[in-house]
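Scroll down for the structure; my scribbles are underneath it.
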There are 2 protein chains.
Amino acid sequence: MPRDATPTALKVHHDHDRCIADALAAAAEVCRELGARFTPLRRRVLEIVWQSHKPLGAYGILDVLAAEGRRPMPPTVYRALDFLVAKGLVHRIPSLNAFIGCTRPGRRHDGQYLICHNCGTVAELTDEGLNTALGKAARGHGFAVESVLTEAVGLCPACAERRKTAS
Amino acid sequence: MPRDATPTALKVHHDHDRCIADALAAAAEVCRELGARFTPLRRRVLEIVWQSHKPLGAYGILDVLAAEGRRPMPPTVYRALDFLVAKGLVHRIPSLNAFIGCTRPGRRHDGQYLICHNCGTVAELTDEGLNTALGKAARGHGFAVESVLTEAVGLCPACAERRKTAS
DNA sequence: ACTTAATTTGCAACATTATAACACTTCTAT
DNA sequence: ATAGAAGTGTTATAATGTTGCAAATTAAGT
């Protein structure tokens, strides 16, 4: 994917099965490189998170697992999520208390999340220019930035279109 | 205050009573302009939030009020906070589930929060350039940004100094 | 001033999100 | 094989946030 291609989440039509498959394959690869264990539970949790481009809460994941017969308790899911977040496979969106699959796993990065307040879809940008600009501004005041999380709320293309059509 | 002055929170020595007094005065003024009621409870909650430059959780505020004899229930505090946030007098830091006094009340703005992971101090920047840059990048993908919240974690000047000295 | 309507606060109950502590199992490396 | 480490299961509980309704206060019109 070119560096500034439009995030897949913002494309109305896309092969989402492909999103999931790619994410799982990339995750397996990342874990292999890091010598981390990509267990069935972790894999399944990641897969659930990737079911859509809308962030999913820990208890939402629990519900899905419960419906499958497995009846895990909260710590089980939180531990899997902690692992996935630590390995950079999943991001937590603090303002939503929810998790979303990372579209650039493997490399360390500070993302910008575009949250549609209409449909809930979240797309991830990775504009290093923004991060370095902030880092520079902060450094000017003596503050040493180590990580940045940016959450933008607005309207995604699909919802903007729908809104225009409806009026 | 000049547009790019170093946030007071990052200054080791400053007259914090002045911070509080200024914030309360500014809040009264903002409420007057908006025709909103700056009730004793709201005023007291704002004052408590301003006790330091470290964000304070709703239940922390509850504890302070409880120690004063008043024994409010959670909704009371959350409503006061909702009001203060809605009027732009207080910001919520989602990753900390906590609230901090706004240093630029009155004008609508999207801030960048510099969170020290050592002492917990949070300073607020307001770099409109960063926001417009993000808005532009998002717009390029068809996403219409309406508000942005940026949380940067790192080391504040005081803690960086302390760390250097200690080693 | 008096009444009405709207806003604010009090209060009880509850919903949601997250963690602590410890037991048990599974995997890995020797 | 076996010891140690890592992962998972389970119980209980902590921390954060909300709903719904009643009482009190305030604002505005008469």
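Sequence lines set the chain letters: A, B, ... in the order given, protein chains first and strands last, and positions in each chain run from 1.
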Let me know the distance between CD1 of A:Ile61 and C1' of C:dA18, rounded to the nearest Å.
13 Å
Check the distance between C:dT8's P and B:Leu84's CG and give it to me in whole angstrom.
12 Å
C:dA18 phosphate, OP1 or OP2, under 4.0 Å from A:Arg92 side-chain N/O:
yes
Could you check whether B:Pro75 gets within reach of a base, just the sugar-phosphate, or nothing at all, counting any heavy atom under 4.0 Å?
base
Five-pair end axes of the helix from C:dA1-D:dT30 to C:dT30-D:dA1 and the angle they enclose, rounded to 10°:
40°
Between B:Pro72 and B:Asn97, the residue closer to the 5' end of DNA chain C by nearest nucleotide is B:Pro72
Pull out every residue in residues 39-58 of chain B that has a heavy atom closer than 4.0 Å to any atom of DNA chain C, ordered by number, or say none.
B:Thr39, B:Leu41, B:Arg42
Could you tell me how far apart B:Leu62 (CG) and D:dA14 (P) are, to the nearest whole angstrom?
17 Å
Assigning hydrophobic clusters by single linkage (Ile, Leu, Val, Met, Phe, Trp, Tyr; side-chain heavy-atom cutoff under 4.5 Å), is A:Val85 placed with A:Val49?
yes
Spacing of B:Ile93 atom CD1 relative to D:dT16 atom C1', expressed in whole Å:
16 Å
Check whether any side-chain N or O of A:His141 sits under 3.5 Å from a backbone N or O of A:Arg139 as a donor-acceptor pair, and report yes or no.
no
Rounded to whole Å, the CZ-C1' distance (B:Phe38 to D:dT25) equals 18 Å
Is a side-chain donor or acceptor of B:Thr76 paired with a backbone partner of B:Pro72 at a separation under 3.5 angstrom?
no
How long is the line joining CG of A:Leu65 and C1' of D:dT8, in whole Å?
13 Å
Measuring centre to centre across the rings, with the benzene-like ring taken for any Trp, is A:Tyr113 within less than 6.0 Å of A:His91?
yes
Any sub-3.5 Å donor-acceptor pair from A:Lys54's side-chain atoms to A:Cys119's backbone N or O?
yes
With a 4.5 Å cut-off on side-chain heavy atoms, are B:Arg92 and B:Asn97 touching?
yes
Return yes if the base of D:dG9 and the side-chain atoms of A:Arg79 contain a donor-acceptor N/O pair under 3.5 Å, otherwise no.
yes
Per atom distances to the A:Arg70 side chain, the nearest of C:dA18, D:dT26, D:dG9 is D:dG9
Determine whether a donor-acceptor pair (one donor, one acceptor, N or O, separation below 3.5 Å) exists between the side chain of A:Tyr59 and the base of C:dA18.
yes
Just the rounded figure in Å: distance from P of D:dT19 to CG of B:Asp82.
10 Å
Figure out the NZ/C1' separation between A:Lys87 and D:dA6, and round it to whole Å.
12 Å
Do A:Phe99 and A:Ile48 land in one hydrophobic cluster if side-chain heavy atoms of ILVMFWY residues count as linked below 4.5 Å?
yes
How are the rings of A:Trp50 and A:His16 set to each other: parallel, tilted or perpendicular (split at 30° and 60°)?
tilted
Hey, which of these two, A:Met73 or A:Phe83, hits DNA chain D nearer its 5' end, going by closest nucleotide?
A:Phe83
Checking A:Glu146 side chain against B:Val153 main chain: does a donor-acceptor pair fall under 3.5 Å?
no
Is it the case that one hydrophobic cluster holds both A:Leu56 and A:Ile115, taking links as side-chain heavy atoms less than 4.5 Å apart, direct or via other members?
no
